[in-house]
Amino acid sequence: MRWVLILVLSVMVSLSGAPNNWHFHSASAQERTERISFASGRSSQTVRGQIVGYDGIDYLIRVSGGQRLAAEMRTDNRSSYFNILPFGADEALFIGSSQGDFADVIVPKSGDYVIRVYLMRNAARRDEVANFSLDVEVTGGRVDAVAPDFADGLSGGPDFWAVANVPNGDRLNIRAEPTTLSPTIAQLRNGTVLRNLGCRMNGRTRWCRVERPDGNLSGWASGRFLVEAGG
């Protein structure tokens, strides 16, 4: 009996002295796993879900080496994030709590990848709820792994583009990253002149990094709406 009492007291002292950044999952905590698969002819999908406390969701998605995996999350709880990591690995390719709610990574090799949605410890231990939607897109192939060609006046295209062929009443979206999942940071009219910073393929779409001549705007635009300009 004395040894049992000593053991119980030792465990209590050990737990009371544990670092503050430790957390312990309750016996009822669960990690749900769901598979993401795209419909025929599609390369993107939106999933919606809810997590409570320590119960997170692992979304599995099959990606080929060299492809681009992009994901963006919208949530009603500021303590909810997502990470991206290879299936069975501990080291993440993307960590939402430090990198934000938008990920755009080129996967190193073919296989299953996990998009893990979770609540931070402070919210999880209060059993908070997070309702979220997750936009997921897989594009490109090994072409994405090669370096882009940069325009320098001699190769890679002209020094300047002009926005063209945008339908009447519409504007060209300038995005933060070369994917349609990326946030729109500006919308430009036909005729707007932009400096060419280089283009690359993402799937079947040619994206060009552009900036205003005065340097006040920099982002990515679909190449189909850009034509050579004099600057």
Side-chain angles (χ1 to χ4, degrees), residues 4-39 42-63 67-139 175-177 179-184:
V4 173
L5 180 59
I6 292 174
L7 178 61
V8 170
L9 290 175
S10 298
V11 171
M12 292 177 63
V13 171
S14 176
L15 290 180
S16 65
N20 290 333
N21 60 348
W22 287 16
H23 64 261
F24 301 90
H25 289 260
S26 66
S28 61
Q30 298 179 3
E31 295 290 343
R32 274 196 346 258
T33 301
E34 298 182 13
R35 168 74 65 175
I36 294 179
S37 56
F38 301 137
R42 299 292 300 273
S43 61
S44 64
Q45 182 179 337
T46 299
V47 295
R48 294 176 174 83
Q50 181 186 87
I51 53 176
V52 182
Y54 289 112
D55 296 349
I57 302 179
D58 280 358
Y59 290 101
L60 286 179
I61 184 167
R62 188 78 175 178
V63 188
Q67 285 191 308
R68 183 180 301 276
L69 172 58
E72 182 179 14
M73 187 172 78
R74 287 176 288 275
T75 176
D76 61 5
N77 190 318
R78 291 187 176 182
S79 293
S80 60
Y81 297 95
F82 72 93
N83 295 347
I84 297 178
L85 59 159
F87 179 74
D90 294 325
E91 185 174 351
L93 301 175
F94 173 87
I95 301 176
S97 59
S98 60
Q99 294 178 264
D101 56 10
F102 177 78
D104 183 13
V105 299
I106 295 177
V107 303
K109 61 182 180 179
S110 300
D112 278 337
Y113 286 79
V114 178
I115 304 176
R116 176 168 296 160
V117 181
Y118 62 94
L119 278 165
M120 296 292 286
R121 182 178 65 88
N122 64 324
R125 68 185 179 187
R126 291 193 296 265
D127 279 334
E128 290 188 12
V129 177
N131 298 288
F132 66 90
S133 65
L134 191 67
D135 297 329
V136 181
E137 181 183 53
V138 175
T139 55
R175 300 186 182 273
E177 302 291 342
T179 168
T180 56
L181 288 184
S182 180
T184 298

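Bear in mind the structure is a predicted one, so any value in this text is a computation, not a measurement.
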Can you check whether [X] reaches [Y] side chain to side chain, under 4.5 Å on heavy atoms?
X: Tyr113; Y: Leu60; answer: no
X: Leu134; Y: Arg48; answer: no
X: Phe102; Y: Met73; answer: no
X: Arg68; Y: Asp104; answer: yes
X: Val136; Y: Leu69; answer: yes

How many angstroms lie between atom [atom1] of [X] and atom [atom2] of [Y], to the nearest 0.5 angstrom?
X: Arg62; Y: Gln67; atom1: CZ; atom2: CD; value: 11.0 Å
X: Arg175; Y: Thr184; atom1: CZ; atom2: OG1; value: 3.5 Å
X: Glu128; Y: Ile51; atom1: CD; atom2: CD1; value: 10.5 Å
X: Thr179; Y: Glu72; atom1: OG1; atom2: CD; value: 9.0 Å
X: Arg74; Y: Ser133; atom1: CZ; atom2: OG; value: 4.0 Å

**Study point:** Check: Thr33/Asp58 side-chain N/O donor and acceptor closer than 3.5 Å
**Key:** no
What is the minimum heavy-atom distance between [X] and [Y], and which atoms define it?
X: Thr139; Y: Ser43; result: CG2-OG, 4.1 Å
X: Gln50; Y: Phe132; result: N-CE2, 3.6 Å
X: Ala70; Y: Leu181; result: O-CD1, 3.6 Å

Review point. Hey, is CZ on Arg42 packed in by over 12 heavy atoms from elsewhere, all under 6.0 Å?
Key: no
Exercise for review: Please confirm whether the backbone N or O of Glu137 pairs with a side-chain atom of Ser44, one donor and one acceptor, at under 3.5 Å?
Suggested key: no
Check your understanding: Can you tell me if Thr46 uses its side chain to pair, donor with acceptor, with the backbone of Asp135 under 3.5 Å?
Key -> no
Check your understanding: Asp76: what forms a side chain to side chain donor-acceptor pair (under 3.5 Å) with it, not counting sequence neighbours?
Key -> Asn131
Point to revise | Pair Arg32 + Glu34: basic N to acidic O under 4.0 Å | key: yes
Check your understanding: Can you list the steps and then say if Tyr59 with Ile61 is a side-chain contact (heavy atoms from CB on, under 4.5 Å)?
Key -> CA-CA 7 Å; Tyr59 290 101; Ile61 184 167; over 6 Å; no
Show every donor-acceptor pair shorter than 3.5 Å between a side-chain atom in residues 78-87 and any protein atom, with sequence neighbours excluded, or say none if there are none.
from, atom 1, to, atom 2, distance (Å)
Ser80, OG, Thr75, OG1, 2.6
Ser80, OG, Asn77, O, 2.8
Tyr81, OH, Arg78, O, 3.3
Asn83, OD1, Gly96, N, 3.1
Asn83, OD1, Tyr118, OH, 3.1

